[in-house]
Colleague: 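One structure, as structure tokens, below. Some questions next.
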Amino acid sequence: MNSQQHIAILGSGNIGLSLAKGLVKSGICKPQQITLTRRNLEALEWYAAQGYQTTNNNTKAAKKADIVILAVLPQQLNKLLNEIKPAIKSEKQFLVSVISGVSCDDIRQQLELNVQVIRAMPNTAIAIGDSMTCIATDNGTAKNVNLVKSLFDTVGVTIQINEELMTAATALCACGIAFFLRSIRAASQGGTEIGFHAQDALKMAAQTAKGAANLLLQLSSHPEQEIDKVTSPKGCTIAGLNEMEHNGFSSAMIKGIKLSAEKAGDLYKGEN
């Protein structure tokens with residue numbers, strides 16, 4: 001971004017605020033280049049003190065922005081789009097949507113404008129700059145897609161995928177945070193049952209999970225390769241793994257991801 005460009009984040013909840021802080025921390029833009037909107041302006045007082053522009057007027061914010069980020073709940077989207085419609089100039093602006101289950105075409109049809117729309121699906125690890133964010137579009141230029149990738153690279157890792165896979169990405173990456181957290185919680189409970197204090201067991205389980213993920217990311221290896229390194233004939237690891245599989249561990253995870261994907265696809269449709 002250049003110093004003249006401006007971003008409006010409409011609906012500044014956890015994701016929007018985390019992105020704003022990431023952009024400033026990375027030096028991509030200054031607080032003055034970001035407008036944050038929220039109905040309750042008291043929740044944005046700290047940001048206003050840091051130099052961010054804040055308002056509860058979405059139309060005003062969208063009007064002066066080069067990039068308009070839509071960060072409201074799916075059931076709030078149509079009302080927001082109707083509100084900002086007069087302010088959108090398709091030849092000068094493009095939209096970024098972080099809203100689950102809403103296609104680029106859904107947004108254009110509601111606005112009745114042929115504006116560029118790029119979707120981004122981060123997860124809640126954006127709060128610590130460690131999000132997995134999927135990017136997709138059906139009409140965004142390569143230049144604008146690369147710009148959006150650079151924005152979200154400030155708060156984690158990005159990958160560009162086909163738009164038809166965005167609902168699946170919601171289940172695997174956004175909902176997936178909860179799945180892996182529940183797995184860690186279960187491991188810590190197992191640790192408590194075999195003798196550790198709850199706080200120690202949770203720390204041990206979380207760090208072990210972090211190490212497992214980093215093995216795959218840093219070594220570019222397959223999970224089964226790393227599993228083979230820690231399983232020995234008639235050993236305790238393979239005994240534990242097989243017991244989990246007999247009780248449906250992998251199957252439950254797969255079924256849960258599949259069901260979440262189905263539900264994610266209905267979030268916006270159910271409100272129209």
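Side chains are part of it too, since the values below use all heavy atoms of this structure and drop only hydrogens, waters and symmetry mates.
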Colleague: Among E224, K229, H222, exactly one meets side chain to side chain contact (heavy atoms under 4.5 Å, CB included) together with E226. Which residue is that?
Modeller: K229

Colleague: Hydrophobic clusters here meaning ILVMFWY residues chained together by side-chain heavy-atom distances under 4.5 Å, can you tell me if V157 and M121 are in one?
Modeller: yes

Colleague: For the side chain of H6 and the backbone of D66, is there at least one donor-acceptor N/O pair under 3.5 Å apart?
Modeller: no

Colleague: Which pair of non-hydrogen atoms, one from G140 and one from T137, has the smallest distance, and what is that distance?
Modeller: N-OG1, 2.9 Å

Colleague: When rounded to the nearest 0.5 angstrom, what is the spacing between CG in N123 and SG in C173?
Modeller: 6.5 Å

Colleague: Would T192 and H197 count as a side chain to side chain donor-acceptor pair (under 3.5 Å) here? Give the steps.
Modeller: CA-CA 6 Å; T192 301; H197 291 294; over 6 Å; no

Colleague: Using side-chain heavy atoms (C-beta onward) and a distance below 4.5 Å, is L80 in contact with Q76?
Modeller: no

Colleague: Between L113 and V102, is there a shared hydrophobic cluster once you connect ILVMFWY residues whose side-chain heavy atoms come closer than 4.5 Å?
Modeller: yes

Colleague: Report the distance from atom CG of L10 to atom CD1 of I84, rounding to the nearest 0.5 Å.
Modeller: 5.5 Å

Colleague: With the 4.5 Å side-chain cut-off for hydrophobic clustering, are I34 and F94 part of the same group?
Modeller: yes

Colleague: Is there a donor-acceptor contact under 3.5 Å from the side chain of S18 to the main chain of I15?
Modeller: no

Colleague: Are I28 and F152 joined in one hydrophobic group, where the rule is that I, L, V, M, F, W and Y side chains link up if heavy atoms are under 4.5 Å apart?
Modeller: yes

Colleague: Mind running side chain to side chain donor-acceptor pair (under 3.5 Å) on S90 and N114 for me, showing each step along the way?
Modeller: CA-CA 7 Å; S90 57; N114 188 27; over 6 Å; no

Colleague: Looking at R185 and L202, would you say the former's side chain and the latter's main chain have a donor-acceptor pair under 3.5 Å?
Modeller: no

Colleague: Restricting to non-hydrogen atoms, name the atom on S188 and the atom on A201 that form the minimum distance, rounded to 0.1 Å.
Modeller: O-CB, 3.4 Å

Colleague: side-chain contact (heavy atoms from CB on, under 4.5 Å), that's the test. Do Q116 and N144 meet it? Break it down for me.
Modeller: CA-CA 9 Å; Q116 287 186 53; N144 287 339; 3.0 Å; yes

Colleague: How close do S183 and M253 get, counting heavy atoms only, and between which atoms?
Modeller: OG-CE, 3.9 Å

Colleague: Is it true that a side-chain atom of S260 and a backbone atom of I257 form a donor plus acceptor pair closer than 3.5 Å?
Modeller: no

Colleague: Is T237 reaching over with its side chain to a backbone N or O of V230, donor-acceptor style, under 3.5 angstrom?
Modeller: yes

Colleague: Compare all side-chain heavy atoms of T133 with those of I126 and state whether any distance is below 4.5 angstrom.
Modeller: no

Colleague: Do I238 and S232 come within less than 4.5 Å of each other through their side chains, counting heavy atoms only?
Modeller: no

Colleague: Evaluate the side chain to side chain donor-acceptor pair (under 3.5 Å) criterion for residues Q109 and D105: first the C-alpha distance (whole Å), next the side-chain angles of each, then the deciding distance (0.1 Å), finally the verdict.
Modeller: CA-CA 6 Å; Q109 286 194 33; D105 191 56; 2.6 Å; yes

Colleague: What distance separates K64 NZ from I7 CD1, expressed to the nearest 0.5 Å?
Modeller: 12.5 Å

Colleague: Step through the shown structure and confirm whether more than 12 heavy atoms of other residues, nucleotides or ligands are within 6.0 Å of CD on E164.
Modeller: yes

Colleague: Can you tell me which residue among V96, I9, V148 is in a side chain to side chain contact (heavy atoms under 4.5 Å, CB included) with I67?
Modeller: V96

Colleague: State the CG-CG distance between N214 and L219, to the nearest 0.5 angstrom.
Modeller: 9.5 Å

Colleague: Start with the C-alpha gap between K25 and T154, add the side-chain angles, then the distance that decides, and say whether side-chain contact (heavy atoms from CB on, under 4.5 Å) holds.
Modeller: CA-CA 8 Å; K25 183 178 180 181; T154 68; over 6 Å; no

Colleague: So, does N14 use its side chain to make a donor-acceptor pair with the main chain of T124 at under 3.5 Å?
Modeller: no

Colleague: A side-chain contact here means heavy atoms from C-beta on lying under 4.5 Å apart; do L81 and L70 qualify?
Modeller: yes

Colleague: I'd like to know if R108 pairs up with D138 as an ion pair, taking the criterion as any Lys NZ or Arg NE/NH1/NH2 lying under 4.0 Å from an Asp or Glu carboxylate oxygen.
Modeller: yes

Colleague: Dump the intermediate steps for side-chain contact (heavy atoms from CB on, under 4.5 Å) on N56 and T37, then the final yes or no.
Modeller: CA-CA 5 Å; N56 54 14; T37 77; over 6 Å; no

Colleague: For K203, is the NZ atom crowded, meaning more than 12 foreign heavy atoms sit under 6.0 Å from it?
Modeller: no

Colleague: Between N139 and V117 (side chain of the first, backbone of the second, donor and acceptor by atom type, cut-off under 3.5 Å), is there such a pair?
Modeller: yes

Colleague: Taking the side chain from Q93 and the backbone from A62, do they hold a donor-acceptor pair closer than 3.5 Å?
Modeller: yes

Colleague: For T55 and K60, does a side-chain donor sit closer than 3.5 Å to a side-chain acceptor?
Modeller: no

Colleague: Testing the basics here: between T170 and A264, what is the closest heavy-atom pair and its distance to 0.1 Å?
Modeller: CG2-CB, 4.0 Å

Colleague: Quick one: do T54 and R38 satisfy side-chain contact (heavy atoms from CB on, under 4.5 Å)? Show the steps, please.
Modeller: CA-CA 8 Å; T54 63; R38 195 159 176 164; over 6 Å; no

Colleague: Between D266 and K263, is there a salt bridge with N-O shorter than 4.0 Å?
Modeller: no

Colleague: Above 12 or not: heavy atoms from other molecules or residues under 6.0 Å from CD of E262?
Modeller: yes

Colleague: If I compare all heavy atoms of T35 with all of A61, which pair ends up nearest, and what's the gap?
Modeller: CG2-CB, 3.6 Å

Colleague: Any side-chain heavy-atom pair from I161 and I135 closer than 4.5 angstrom?
Modeller: no

Colleague: Do side-chain atoms of N162 reach the backbone of L165 as a donor and acceptor pair under 3.5 angstrom?
Modeller: no

Colleague: Working to the nearest 0.5 Å, report the span between CD1 of I118 and CG of L151.
Modeller: 9.5 Å

Colleague: Roughly how far, to the nearest 0.5 Å, is CG of L19 from OG of S131?
Modeller: 9.5 Å

Colleague: So, for P122 and A120, which heavy atoms are closest and what is the spacing to 0.1 Å?
Modeller: CD-O, 3.4 Å

Colleague: Could you tell me whether the side chain of D200 and the main chain of F196 form a donor-acceptor pair under 3.5 Å?
Modeller: no

Colleague: Applying a strict under-4.5 Å side-chain criterion to I, L, V, M, F, W and Y, I'd like to know whether V155 and I69 cluster together.
Modeller: yes

